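In what follows, a single structure is set out as structure tokens and then discussed.
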2 protein chains.
Amino acid sequence: MLKQASPLALVELDADAPCCAPLAQRRVPAEAAAVLAPAFKALGDPVRLRLLSMIASAEGGEACVCDLTPAFELTGPTISHHLKALREAGLVDAERRGTWVYYRARPAVLRQLAALLTVESTPAS
Amino acid sequence: MLKQASPLALVELDADAPCCAPLAQRRVPAEAAAVLAPAFKALGDPVRLRLLSMIASAEGGEACVCDLTPAFELTGPTISHHLKALREAGLVDAERRGTWVYYRARPAVLRQLAALLTVESTPAS
DNA sequence: TCTCTGGTTAGACAGACATCAAGACAGCCG
DNA sequence: CGGCTGTCTTGATGTCTGTCTAACCAGAGA
């Protein structure tokens with residue numbers, strides 16, 4: 001089950017068009033917040049943040065689980081659990097090739113989240 | 001107790017200097033992840049995301065609790081709880097002026113988080 | 001087919017979290 | 001001073017999360 005039927009969470013995160021104006025420009029509507037919050041929640045764990053970084057910064061843009069797991073003092077199932085969370089948040093994609101499973105970041109989604117947090121050059125603190 | 005003694009969570013988030021290179025450029029070290037994750041976790045709730053947006057996008061860059069609370073179907077204490085979470089994550093500051101308490105976003109921290117998620121223009125999908 | 005390795009799923013458990021009701025505190029105004 | 005309004009804190013409760021062990025599935029090779 002590597003091609004999870006992406007749960008409602010990323011309905012709009014998939015779209016190429018930016019789903020929302022920057023947080024500080026106009027109020028994020030409730031519906032958008034419901035869509036975006038799960039993505040941030042997925043980033044809200046140190047292990048997942050590191051996993052995503054390892055995946056996104058890896059050579060070729062993808063990383064094998066076999067390379068990710070040994071970097072943590074956690075069991076395999078726990079890492080798998082965190083990867084699943086990243087997957088369901090729409091932040092990464094997984095693909096099995098032969099024996100190994102490779103994870104790949106989804107830059108478009110990351111860009112959307114970054115755009116949401118963007119603040120126009122310091123107005124006047 | 002409005003000037004909470006910012007808990008370890010934002011040790012580096014306060015610094016003006018960017019604490020980390022973009023997530024996709026180099027691996028986020030464990031220590032940095034431990035500092036950054038709580039900020040994302042704070043954003044990982046629809047109510048807090050909306051609260052932060054309302055604060056950051058408000059006229060004058062600040063919002064009164066009395067304006068925030070009625071926008072949700074939640075009790076006062078619950079909103080207060082979420083605001084405290086945003087405060088402890090270093091995302092907002094609170095200040096009491098007379099009867100009302102005003103919250104203000106911290107653009108520098110938001111910018112750091114945005115920078116972390118930034119992805120260089122699609123290299124080659 | 002049997003077996004080994006890599007990865008996920010299932011079940012369990014401790015700790016953390018969201019929410020509310022009730023109480024406490026701070027500042028205004030009569 | 002005394003009551004009122006606005007906000008925060010505390011305590012209780014049900015749910016969610018992170019982690020583990022054990023069991024299961026998928027390919028690769030013998």
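All values reported here derive from a predicted model rather than from experimental measurement. FYI, side chains are in, hydrogens and waters are out, and symmetry mates aren't considered; it's all heavy atoms of this structure. All chains are named by letter (A, B, ...) in the order of the sequence lines, taking the proteins before the strands, and each is independently numbered beginning at 1.
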* To the nearest 0.5 angstrom, please state how far the CD1 atom of B:Ile79 sits from the CZ atom of B:Phe72. =>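 Here the rounded value is 5.5 Å.
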
* Nearest-0.5 Å distance that lies between atom OG in B:Ser57 and atom CD in A:Gln25 ->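 The OG atom of B:Ser57 sits 9.5 Å away from the CD atom of A:Gln25.
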
Please write out the pairs of protein N or O atoms and N or O atoms of nucleotides 19-29 of chain D separated by less than 3.5 Å, giving the distance to one decimal.
| from | atom 1 | to | atom 2 | distance (Å) |
| --- | --- | --- | --- | --- |
| D:dT19 | OP2 | A:His82 | NE2 | 2.3 |
| D:dC20 | OP2 | A:Thr75 | N | 3.1 |
| D:dC20 | OP2 | A:Thr75 | OG1 | 3.1 |
| D:dC20 | OP2 | A:Thr78 | OG1 | 2.7 |

* Which residues satisfy the side-chain hydrogen bond (donor to acceptor under 3.5 Å, both in side chains) test with B:Thr99, sequence neighbours excluded? ->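 With neighbours one apart ignored, the set is empty.
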
Quick one: [X] [atom1] to [N] [atom2], roughly how many Å, whole number?
| X | N | atom1 | atom2 | result |
| --- | --- | --- | --- | --- |
| A:Phe72 | D:dG18 | CZ | P | 14 Å |
| A:Leu86 | C:dT8 | CG | C1' | 15 Å |
| B:Tyr102 | D:dC8 | OH | C1' | 17 Å |
| B:Trp100 | C:dC29 | CH2 | C1' | 12 Å |

* To do: Please list residues of residues 51-70 of chain B whose heavy atoms come under 4.0 Å from any atom in DNA chain C, ordered by number; otherwise none.
  =>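 Going residue by residue through residues 51-70 of chain B, none turns out to have a heavy atom under 4.0 Å of DNA chain C.
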
* Asked: Any side-chain N or O of B:Tyr103 less than 4.0 Å from the OP1 or OP2 oxygen of D:dC8?
  ->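 Checking D:dC8 against B:Tyr103, a side-chain N or O does come within under 4.0 Å of OP1 or OP2.
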
* Asked: When you check the phosphate oxygens OP1 and OP2 of C:dA16, does a side-chain N or O of B:Lys41 lie under 4.0 Å from one of them?
  ->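 Checking B:Lys41 against C:dA16: no side-chain N or O falls below 4.0 Å of OP1 or OP2.
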
Checking [X] now: which residues fulfil side chain to side chain contact (heavy atoms under 4.5 Å, CB included) with it, not counting sequence neighbours?
| X | answer |
| --- | --- |
| B:Cys66 | B:Cys64, B:Trp100 |
| A:Ala114 | B:Leu117, B:Thr118 |
| B:Pro29 | B:Glu31, B:Ala32 |

* To do: Only pairs at least two apart or in different chains count here, so list each salt bridge (charged side-chain N to carboxylate O under 4.0 Å, His left out) that has a residue in residues 71-81 of chain A.
  =>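 Pairs touching residues 71-81 of chain A that pass the test: none.
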
* Any pair counted as salt bridge (charged side-chain N to carboxylate O under 4.0 Å, His left out), so long as it reaches residues 52-63 of chain A, sequence neighbours left out ->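 Applying salt bridge (charged side-chain N to carboxylate O under 4.0 Å, His left out) to every pair that reaches into residues 52-63 of chain A, excluding sequence neighbours, yields A:Glu62-A:Arg97, A:Glu62-A:Arg104.
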
* Check for a donor-acceptor pair, side chain of B:Thr78 on one end and backbone N or O of B:Leu74 on the other, with a separation under 3.5 Å. =>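 Looks like no, no N/O pair under 3.5 Å.
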
* Do NZ/NE/NH1/NH2 and the carboxylate oxygens of B:Arg87 and B:Asp93 come within less than 4.0 Å? ->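 Not counted as a salt bridge, because no side-chain N and carboxylate O are separated by less than 4.0 Å.
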
What donor-acceptor contacts under 3.5 angstrom involve side-chain atoms of residues 43-54 of chain B, with partners at least two apart or in another chain?
| from | atom 1 | to | atom 2 | distance (Å) |
| --- | --- | --- | --- | --- |
| B:Asp45 | OD1 | B:Val47 | N | 2.8 |
| B:Asp45 | OD1 | B:Arg48 | N | 3.4 |
| B:Arg48 | NE | B:Ala42 | O | 2.7 |
| B:Arg48 | NH1 | B:His82 | ND1 | 3.1 |
| B:Arg48 | NH2 | B:Lys41 | O | 3.4 |
| B:Ser53 | OG | A:Leu23 | O | 3.0 |
| B:Ser53 | OG | A:Arg26 | O | 3.2 |
| B:Ser53 | OG | A:Val28 | N | 2.8 |

Write out a two-atom table: protein N or O, nucleotide N or O from nucleotides 12-15 of chain C, distance below 3.5 Å.
none

